[in-house]
Student: 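I have a structure here, written as structure tokens, and I will follow up with some questions on it.
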Amino acid sequence: MVMDPSKTPDWQIALDAEKSMKTVQTLADELGLKGDELLPYGSYMGKIDASCVLSRLKDRPNGKYIDVTAITPTPLGEGKSTTTIGLVEGLGRRGLKSTAAIRQPSAGPVMGMKGSAAGGGLAQCIPLVPYSLNFTGDMHAVTQAHNMAMVALTARMQHERNYDDEKLLKLSGQPRLDIDPTKVRMSWAIDFCAQALRNIIIGIEGDGRSNDGFMMRSGFIITAASEIMTILCLSADLADLRRRLGKIVVAQDRHGKLVTCEDLKVAGAMAAWLTEAVKPNLIQTLEGQPVFVHAGPFANISLGQSSVIADKLALKVSDYHVTESGFGSEIGYEKFWNIKCRRSGLVPDAVVLVATMRALKRHGGAPAPMPGRPMPDPYTHEEVGMVEAGCQNLLRHINIVKKSGVPVVVCLNSFVSDTRAETAAVRSFCEQAGARFAVSEHWAKGGEGALELADAVLDATKEKNSFKSLFAESETFAERVEHIAKDVYGADGVDFAPLAQKKLADLQARDDAKELDVCMVKTQYSLSDKADRIGAPTGWTLHVRDVIFHGGAGLVIPVAGDISLMPGTGSHPAYRNIDVDPETGTVKGLF
């Protein structure tokens with residue numbers, strides 16, 4: 001019996017579906033995987049040796065490639081993962097061999113505001129609890145590899161302080177790196193939203209000892225924002241990942257030279273933590289379609305994409321592959337378009353732009369809906385005027401996708417509170433904007449509710465594609481930021497702080513500058529760099545206050561506005577609802 005998602009929590013729906021789910025071996029057989037290409041983790045999860053599969057199927061044509069992105073979200077999200085899963089279920093209902101690639105959930109959102117990113121209702125992936133919590137250990141491996149670099153760096157700094165050159169060389173077999181403690185570029189990582197760890201002092205000596213570490217300012221970022229997560233997303237294989245780990249910049253020496261993980265002789269050990277993590281994970285939708293899970297979330301402070309490896313794998317074993325990009329299209333899709341596709345060589349056949357009445361009303365002037373609090377009145381009553389006003393934000397996002405030359409399908413992620421008049425207003429607006437439009441009820445009805453969306457996407461993939469980069473090869477990093485600000489965000493221009501100007505100039509002078517990409521950091525709640533500027537703001541300037549360099553990932557990262565690489569835990573965290581049945585061990589309350 002199919003449960004009613006309006007009356008049944010997600011975890012209960014998942015628990016019921018798991019009683020009859022396919023084994024991971026069945027999924028692998030349906031995908032045509034051979035021999036040892038599947039590495040089972042129990043009966044219902046597994047890893048795939050992608051290198052073997054890609055080598056065996058190198059001459060097989062790719063399936064159709066579809067990216068799911070969204071309009072500017074509210075703090076409650078737009079349901080991109082839910083839509084990704086629902087679309088794959090809908091394509092399955094049409095008898096098509098379809099797969100999804102989604103990002104592994106971070107413990108921060110799982111225990112914080114947004115939940116597990118497993119989808120929801122009748123459009124979610126299972127098994128829910130292991131996927132949401134420990135899974136196959138990738139998040140742990142990235143955290144360990146990241147902190148391995150910090151252990152090597154801080155130990156080296158302590159030894160260089162304590163020993164003269166001769167003794168240092170004798171003890172370590174390595175000459176002095178002469179690391180400048182005021183120019184450390186890296187911090188620690190933890191997979192929680194822990195604002196108390198953003199800025200800390202480490203290495204405080206006890207009882208006058210000199211062996212308690214090197215005392216200095218430090219801090220933590222969330223694991224998903226680690227450069228190693230980005231490297232995992234963009235790497236072609238283990239060899240490429242190992243090479244990139246060695247190029248991670250951890251600090252500068254006292255003469256301004258960059259110090260890397262290869263200099264610290266730690267890149268090999270970091271790679272050892274990641275030998276299994278480089279392999280994509282395999283689970284399934286509620287309706288039994290394969291779902292690949294690889295790399296992490298947070299496109300506002302990181303890359304926020306499912307991995308290149310997972311997408312390349314899925315395109316060889318399915319006819320239609322749906323991947324997802326984090327947050328709104330000006331962040332997630334822009335990075336998919338100008339970074340991930342450039343690195344992978346893959347070209348999308350269609351883009352799904354997810355919108356909700358909730359977000360449209362917010363951009364039309366309604367108060368922000370907040371997790372754990374009652375919904376303000378506009379979200380529970382018909383407000384056609386607000387919806388029409390909010391469509392200006394939708395239009396900006398439609399035009400962003402169109403600028404890339406890819407057909408766009410606007411998906412109205414349907415809620416039971418949506419009215420016919422509101423839906424008609426959005427449909428009319430999209431038709432006037434030249435975008436396909438579909439209402440999808442995948443949350444309430446699973447694949448059956450996503451047939452209109454599936455048909456619109458199938459139609460879009462038949463359209464001629466004119467995919468093109470936003471940038472010319474000759475453009476400088478500063479010019480690329482200007483392009484993103486003006487042509488994607490809708491800003492009048494960019495104001496670079498002096499520090500940001502200097503860092504961009506230094507990076508532009510590098511011999512490998514042509515190999516680097518620009519990866520913006522900014523708020524996800526507005527097209528601008530100010531979270532409270534809703535709708536489609538005009539007459540504003542993007543303020544770039546700093547630039548981060550990820551040498552291993554090959555990214556120049558301008559930081560716009562007030563945003564942190566370590567999110568905070570709010571006053572209504574999800575962990576309050578999570579508990580365990582002491583008799584059965586069943587985890588309850590995940591969503």
Student: Taking the side chain as C-beta and beyond, is there a heavy-atom pair between V352 and V354 under 4.5 Å?
Tutor: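 V352 reaches V354 side chain to side chain.
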Student: Could you go step by step and tell me if K588 and D581 meet the side-chain contact (heavy atoms from CB on, under 4.5 Å) rule?
Tutor: CA-CA 7 Å; K588 303 178 179 181; D581 185 321; 3.9 Å; yes
Student: Between E287 and R93, is the closest basic N to carboxylate O distance under 4.0 Å?
Tutor: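 So R93 pairs with E287 through a salt bridge.
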Student: Could you tell me whether the side chain of M520 reaches within less than 4.5 Å of the side chain of I331, counting heavy atoms only?
Tutor: no
Student: Using a 6.0 Å cut-off, check whether atom CG of N134 has over 12 heavy atoms from anything other than its own residue.
Tutor: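 Result for CG/N134: open.
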Student: Quick one about E30 and T26 (side-chain donor to acceptor, distance below 3.5 Å, no hydrogens or angles considered), yes or no?
Tutor: no
Student: Please tell me if the side chains of C125 and T285 come closer than 4.5 Å, counting only heavy atoms from C-beta onward.
Tutor: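 No, side chains not in contact.
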Student: Just verifying a value: how many Å separate Y489 OH and D529 CG, rounded to the nearest 0.5 Å?
Tutor: 9.5 Å
Student: For residues S564 and R198, determine if any side-chain heavy atom of one lies less than 4.5 Å from a side-chain heavy atom of the other.
Tutor: yes
Student: Given side chains that start at C-beta, do those of P109 and F298 come closer than 4.5 Å, heavy atoms only?
Tutor: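 When only atoms from C-beta onward are counted, F298 and P109 do touch, with a gap below 4.5 Å.
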Student: List the atom of P573, the atom of G570, and the distance in Å for their closest heavy-atom pair.
Tutor: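 Smallest interatomic distance, heavy atoms only, reads CD-O, 3.5 Å.
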Student: Using 0.5 Å steps for rounding, measure from the CD atom of Q124 to the CG atom of L286.
Tutor: 4.5 Å
Student: How about L91 and D319: do any of their side-chain heavy atoms sit closer than 4.5 Å?
Tutor: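 No; the side chains remain at least 4.5 Å from each other.
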Student: So which heavy atom on G405 is nearest to which on N465, and how close?
Tutor: O-OD1, 3.3 Å
Student: Return yes when atom CG of D459 has more than 12 non-hydrogen atoms of other residues, nucleotides or ligands closer than 6.0 Å, and no otherwise.
Tutor: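 Above 12, so yes.
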Student: Begin with the C-alpha distance, continue with both residues' side-chain angles, and end with the deciding distance and a verdict on side chain to side chain donor-acceptor pair (under 3.5 Å) for Y333 and S404.
Tutor: CA-CA 10 Å; Y333 181 69; S404 71; 2.7 Å; yes
Student: Looking at A574 and V110, what are the two nearest heavy atoms and their distance?
Tutor: CB-O, 3.5 Å
Student: For the backbone of G328 and the side chain of K80, can you confirm whether one donor and one acceptor N or O come within less than 3.5 Å of each other?
Tutor: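 No.
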Student: When you look at Q12 and T8, which way does the side chain to side chain donor-acceptor pair (under 3.5 Å) test go after all the steps?
Tutor: CA-CA 6 Å; Q12 188 65 61; T8 312; over 6 Å; no
Student: State whether the number of non-hydrogen atoms from other residues, nucleotides or ligands found under 6.0 Å of R420 atom CZ is greater than 12.
Tutor: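 No.
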Student: Examine the side chains of H397 and T72 and answer whether a donor and an acceptor come within less than 3.5 Å of each other.
Tutor: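 There is such a pair between these side chains.
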Student: Does atom CG of D36 have more than 12 heavy-atom neighbours from other groups under 6.0 Å away?
Tutor: no
Student: Test your reading of the model: is there a side-chain donor-acceptor pair from K316 to the backbone of R60, 3.5 Å cut-off?
Tutor: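 Between the backbone of R60 and the side chain of K316 there is a qualifying donor-acceptor contact (under 3.5 Å).
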Student: Please confirm whether the backbone N or O of A425 pairs with a side-chain atom of S428, one donor and one acceptor, at under 3.5 Å?
Tutor: no
Student: For the side-chain contact (heavy atoms from CB on, under 4.5 Å) test, which of T83, D67, I398, V68 pairs with L353?
Tutor: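 So, applying the side-chain contact (heavy atoms from CB on, under 4.5 Å) to L353 and each of T83, D67, I398, V68, only I398 qualifies.
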Student: Scan residues 354-364 for pairs that pass salt bridge (charged side-chain N to carboxylate O under 4.0 Å, His left out), counting only residues two or more places apart or in two chains.
Tutor: K361-E422
Student: Ignoring hydrogens and geometry, is there a side-chain-to-backbone donor-acceptor pair from N413 to A355 under 3.5 Å?
Tutor: no
Student: Distance check, rounded to the nearest 0.5 Å: Q104 atom CD versus S306 atom OG?
Tutor: 12.5 Å
Student: For F135 and Y131, work out which heavy atoms get closest and say how close.
Tutor: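 Reported closest heavy-atom pair: CD1-CA, 3.7 Å.
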Student: Verify side chain to side chain donor-acceptor pair (under 3.5 Å) between T69 and S325, making sure each step is shown before the conclusion.
Tutor: CA-CA 5 Å; T69 185; S325 300; 5.7 Å; no
Student: Looking just at side-chain N and O atoms, do S81 and E324 make a donor-acceptor pair shorter than 3.5 Å?
Tutor: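 There is such a pair between these side chains.
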Student: Considering residues, nucleotides and ligands other than K530, do more than 12 of their heavy atoms fall under 6.0 Å from its NZ?
Tutor: no
Student: How many angstroms lie between CD in Q284 and CE in M21, if you round to the nearest 0.5 Å?
Tutor: 6.0 Å
Student: Taking the six-membered ring where the residue is Trp, are the ring centres of F336 and F327 under 6.0 Å apart?
Tutor: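 No, too far apart.
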Student: Main chain of P367, side chain of Y379: is a donor-acceptor contact present, judged purely on distance under 3.5 Å?
Tutor: yes
Student: Is there a donor in the side chain of S98 and an acceptor in the side chain of S318, or the other way round, less than 3.5 Å apart?
Tutor: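 Their side chains do not contain a donor-acceptor pair, so the 3.5 Å distance test is not met.
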Student: If only atom types and distance count, is the side chain of H294 paired as donor or acceptor with the main-chain N or O of I102 below 3.5 Å?
Tutor: no
Student: Could you check whether any side-chain N or O of D418 sits under 3.5 Å from a backbone N or O of F415, counting only pairs where one atom can act as donor and the other as acceptor?
Tutor: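 Yes, D418 side chain to F415 backbone: donor-acceptor pair under 3.5 Å.
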Student: If you look at every heavy atom in G120 and D10, which pair is closest and at what distance?
Tutor: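 Nearest pair, atom of G120 first, then D10: CA-OD2, 3.5 Å.
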Student: Kindly determine whether T356 and E78 satisfy side chain to side chain donor-acceptor pair (under 3.5 Å), including the steps that lead there.
Tutor: CA-CA 6 Å; T356 60; E78 292 309 284; 2.6 Å; yes
Student: Starting from the C-alpha separation in whole Å, work towards a yes-or-no answer on side-chain contact (heavy atoms from CB on, under 4.5 Å) for H442 and T82.
Tutor: CA-CA 8 Å; H442 47 268; T82 308; 3.5 Å; yes
Student: Side-chain contact, heavy-atom cut-off 4.5 Å: M45 with P130?
Tutor: yes
Student: Nearest 0.5 Å, what's the CG-OG1 distance between L346 and T323?
Tutor: 9.5 Å
Student: For K445, which residues count as a salt bridge (Lys or Arg N to Asp or Glu O under 4.0 Å) partner, sequence neighbours excluded?
Tutor: E441
Student: Salt-bridged, K47 to D138, with N to O below 4.0 Å?
Tutor: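 A salt bridge links K47 with D138.
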Student: Assess whether a salt bridge exists between K279 and D49, defined as any Lys/Arg side-chain N lying under 4.0 Å from an Asp/Glu carboxylate O.
Tutor: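 Between D49 and K279 there is no salt bridge, as every charged N stays at least 4.0 Å from the carboxylate O atoms.
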Student: Does atom CZ of F429 have more than 12 heavy-atom neighbours from other groups under 6.0 Å away?
Tutor: yes
Student: Taking R103 for the side chain and A295 for the main chain, is one N or O donor matched with an acceptor at less than 3.5 Å?
Tutor: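 Such a contact is absent between R103 side chain and A295 backbone.
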Student: Salt bridge or not between K340 and D311? Use side-chain N to carboxylate O under 4.0 Å.
Tutor: yes
Student: Is it the case that the side chain of R396 and the backbone of A536 share a donor-acceptor pair, with hydrogens and angles ignored and the cut-off at 3.5 Å?
Tutor: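 Yes, the answer is positive, given that a donor and an acceptor are paired below the 3.5 Å cut-off.
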Student: Can we say D349 and K462 salt-bridge, meaning some charged N sits less than 4.0 Å from an Asp/Glu carboxylate O?
Tutor: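 Looking at K462 together with D349, the answer is no, because their closest N to O distance does not fall below 4.0 Å.
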Student: Using a 4.5 Å cut-off on heavy atoms from C-beta on, say whether the side chain of L27 contacts that of L282.
Tutor: yes
Student: Calculate, to the nearest 0.5 Å, the distance between atoms CD and OG belonging to Q25 and S43 respectively.
Tutor: 10.5 Å
Student: Keeping K522 on the side-chain end and S526 on the backbone end, is there a donor-acceptor pair under 3.5 Å?
Tutor: yes
Student: I'd like to know if R94 pairs up with E89 as an ion pair, taking the criterion as any Lys NZ or Arg NE/NH1/NH2 lying under 4.0 Å from an Asp or Glu carboxylate oxygen.
Tutor: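 No.
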Student: May I have the step-by-step check of side-chain contact (heavy atoms from CB on, under 4.5 Å) for Q195 and T569, ending in yes or no?
Tutor: CA-CA 7 Å; Q195 59 266 49; T569 294; 4.1 Å; yes
Student: What pair of heavy atoms forms the shortest contact from G90 to L451, and how long is it?
Tutor: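 Closest approach of G90 to L451, heavy atoms only: O-CD2, 3.7 Å.
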